[in-house]
Amino acid sequence: MNSHPALQLHVPEPTGRPGHKTDFSYLRLSPAGALRRPPTDTPAADTADVANGLVRVLDDQGRAVGPWAPPIRPERLRQGLRAMLRTRLFDARMVLAQRQKKLSFYIQCLGEEAIAVAQAQVLQPGDMCFPTYRQQGLLLSRDDISLSELICQLMSNQCDPLKGRQLPVLHSYKRAGFFSVSGNLGTQFIQAVGWAMASAIQGDSKIASGWIGDGATAEAEFTTALTFAHVYRAPVILNVVNNQWAISTFQSMAGGEGSTFAARGIGYGIAALRVDGNDFLAVHAASQWAAERARNNQGPTLIEWLTYRGGPHSTSDDPSRYRPADDWQHFPLGDPIARLKQHLIALDEWSDERHETLQQELQAELLAAQQEAESHGTLLDGHVFSADAMFDDVYKELPAHLRRQREQQHTLGG
Ligand SMILES: Cc1ncc(C[n+]2csc(CCOP(=O)(O)OP(=O)(O)O)c2C)c(N)n1
């Protein structure tokens with residue numbers, strides 16, 4: 001007689017669904033300051049505690065505590081706060097512009113601003129990021145990227161630097177170390193490793209920073225990237241942004257149930273950290289740790305950033321269909337902007353009044369940038385980039401068959 005029970009397939013489910021509160025105990029949080037800061041030359045196998053716990057600096061009172069508290073000047077923190085706020089206001093304005101049909105599509109990073117913004121402060125000129133569509137904070141924390149040009153890309157208008165060829169948000173800024181965003185999930189993760197290998201082959205001192213979401217870690221590219229990064233000890237920071245959701249799919253469906261995404265690094269021989277992604281100081285400190293490792297030839301680092309996707313996946317998504325509407329308000333790691341603001345106020349380096357003034361300044365800057373961009377056309381008025389350029393840059397030289405197609409397009413009155 002067969003004494004075994006009937007086999008059952010396990011299909012992970014989120015604890016919260018519309019109408020039911022999420023039980024966030026699955027996050028297994030550590031208190032601020034609880035985890036040690038190992039030396040940067042720590043072998044991968046010895047990072048299990050920091051890959052399974054949670055590196056945090058800011059406590060509930062907004063104080064910076066523990067060994068990860070970075071030596072950072074208030075001025076840098078104010079710059080970080082400004083960049084996060086700028087990113088959030090930009091996103092809100094572009095969502096509105098999408099609703100007004102001035103652009104076709106938008107992706108916001110509400111709640112995830114600290115991750116890209118703090119890491120941008122740590123990276124150096126010449127380093128190269130391989131972002132997803134949700135790291136606009138890398139661009140919005142720079143003042144050498146024109147806001148109005150970013151909006152022109154979103155509106156695919158006559159001044160779109162990408163000539164109307166890309167979906168909104170898939171920006172490309174080589175000069176700012178921002179690699180062209182591709183719609184195919186995960187591809188950039190391998191490319192980041194390859195870029196880092198090239199930097200090492202050339203004996204350069206530049207490092208790469210690869211980005212991927214929790215959902216996209218289920219793509220084969222993720223494992224390939226980890227293998228190559230480990231084998232060649234590539235100078236790369238491998239960032240996994242775990243915002244709990246991949247559109248309507250909960251992170252457990254990508255393998256997050258009962259284990260952390262950070263811990264996967266260890267299995268591949270890569271040192272790993274799991275970090276509070278809504279804690280600007282922790283993001284800064286962990287990014288610094290990983291950058292130092294990479295620059296000193298101590299190898300790659302995998303960092304899982306624990307955060308929450310505060311908004312819809314994109315302007316085409318309605319999250320109230322698959323998760324509690326007020327879920328973000330209950331996420332135990334809070335709002336990165338509110339937390340850094342609280343910290344700066346506790347240091348007596350910020351105030352509600354200064355925050356309000358900053359917000360007004362940023363809104364004015366954004367309004368001016370949007371007006372400038374709209375003067376070159378929006379989706380509404382049809383001032384799209386010239387169709388003439390459509391056949392350029394498919395190849396380095398325009399081949400005969402594309403030349404014929406361009407002529408046909410002219411004859412057809414395009
Ligand atoms: C190869 C591939 N498969 C599927 C998609 C469709 N798609 C776009 S975004 C997305 C979810 C990605 O989730 P995650 O990696 O967690 O990142 P997040 O959007 O949460 O930042 C999917 C499935 C795609 N763009 N590319």
Side-chain angles (χ1 to χ4, degrees), residues 12-14 16 22 26-27 84 87-88 91 94-95 98 104-117 119 129-140 166-172 178-192 209-226 238-257 259-262 264-265 274-275 277-278 283 302-324 327-328 331 333 336:
E13 265 293 316
T22 299
Y26 75 87
L27 292 171
M84 286 199 287
T87 304
R88 183 166 296 181
D91 277 357
M94 291 307 111
V95 167
Q98 192 277 337
S104 60
F105 178 75
Y106 193 68
I107 293 184
Q108 53 176 325
C109 66
L110 180 66
E112 303 177 30
E113 295 90 347
I115 304 166
V117 168
Q119 186 158 121
C129 285
F130 290 75
T132 77
Y133 43 69
R134 224 182 286 281
Q135 274 83 51
Q136 55 265 57
L138 294 171
L139 293 171
L140 286 153
Q166 280 285 29
L167 195 71
V169 185
L170 306 189
H171 299 286
S172 173
F178 188 96
F179 193 80
S180 313
V181 182
S182 151
N184 300 356
L185 292 176
T187 49
Q188 73 286 351
F189 220 53
I190 298 186
Q191 292 157 2
S209 165
W211 297 81
I212 200 164
D214 48 281
T217 63
E219 295 284 350
E221 278 84 351
F222 178 70
T223 57
T224 308
L226 263 53
L238 298 164
N239 299 281
V240 176
V241 180
N242 180 1
N243 63 12
Q244 315 307 314
W245 293 94
I247 316 184
S248 57
T249 304
F250 187 57
Q251 56 101 34
S252 56
M253 207 64 194
E257 192 173 72
S259 77
T260 71
F261 290 96
R264 296 194 193 174
R274 182 172 179 255
V275 183
N278 291 2
V283 180
L302 179 75
I303 311 180
E304 174 183 351
W305 305 107
L306 203 60
T307 186
Y308 190 89
R309 198 195 74 214
H313 170 73
S314 71
T315 49
S316 312
D317 175 48
D318 173 8
S320 72
R321 302 287 292 273
Y322 54 81
R323 69 183 192 189
D327 219 26
W328 186 40
F331 183 64
L333 299 178

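Remember, it's 1-based here, ligands and their atoms both numbered in the order they're listed. Along the sequence shown, the residues carry numbers beginning at 1.
Among protein heavy atoms, atom 11 (C) of ligand 1 sits closest to Ile247 CG1, 3.6 Å. Scanning all protein heavy atoms for the shortest distance to atom 9 (S) of ligand 1 gives Tyr133 OH, 3.1 Å. Leu185 CD1, 3.8 Å is the protein heavy atom nearest to atom 7 (N) of ligand 1. Atom 25 (N) of ligand 1 has its closest protein heavy atom at Gly183 O, 2.8 Å. Counting protein heavy atoms only, atom 20 (O) of ligand 1 is closest to Trp245 O, 2.7 Å. The single protein non-hydrogen atom nearest to atom 21 (O) of ligand 1 is Arg134 NE, 2.7 Å, given as residue, atom name and distance.
At a heavy-atom distance under 4.0 Å, no atom of Gln251 approaches ligand 1. With a 4.0 Å cut-off on non-hydrogen atoms, Asp214 touches ligand 1 through its backbone as well as its side chain.
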(Q) What verdict does the side-chain contact (heavy atoms from CB on, under 4.5 Å) test give for Thr22 and Phe331, after you've listed the backbone C-alpha separation in whole Å, the side-chain angles of each residue and the deciding distance to 0.1 Å? (A) CA-CA 9 Å; Thr22 299; Phe331 183 64; over 6 Å; no

Q.
One pair to check against side-chain contact (heavy atoms from CB on, under 4.5 Å): Glu112 and Arg309. What are the steps and the verdict?
A. CA-CA 7 Å; Glu112 303 177 30; Arg309 198 195 74 214; 3.5 Å; yes

(Q) Does Tyr308 form a side-chain contact (heavy atoms from CB on, under 4.5 Å) with Leu333? I'd like the steps, not just the answer. (A) CA-CA 8 Å; Tyr308 190 89; Leu333 299 178; over 6 Å; no

Q: Go through the steps for Phe105 and Tyr133 under the test side-chain contact (heavy atoms from CB on, under 4.5 Å), then give the verdict.
A: CA-CA 12 Å; Phe105 178 75; Tyr133 43 69; over 6 Å; no

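Of the candidates Ala218, Ala246, Cys109, Ala216, the one placing a heavy atom closest to atom 13 (O) of ligand 1 is Ala246.
Taking the six-membered ring for Trp, Phe261 and Phe222 have ring centres at least 6.0 Å apart. Side-chain rings of Phe130 and Trp211 stay apart, their centers remaining 6.0 Å or farther from each other.
Remark: distances from the non-hydrogen atoms of Thr132 to ligand 1 are all 4.0 Å or more.
No donor-acceptor pair under 3.5 Å is formed between the side chain of Gln251 and the backbone N or O of Trp245.
Of all atoms in ligand 1, listed by their number and element, those nearer than 4.0 Å to a heavy atom of Asn243 are 18 (P), 20 (O), 21 (O). Distances below 4.0 Å separate heavy atoms of Gly215 from the following atoms of ligand 1: 14 (P), 15 (O), 16 (O). Counting atoms of ligand 1 from 1 in the listed order, those under 4.0 Å from a heavy atom of Glu219 are 1 (C), 2 (C), 3 (N).
If you check the side chains of Thr307 and Asn243, you find no donor sitting under 3.5 Å from an acceptor.
Note that CD of Gln135 and CD1 of Ile115 are 8.0 Å apart. Values are rounded to the nearest 0.5 Å.
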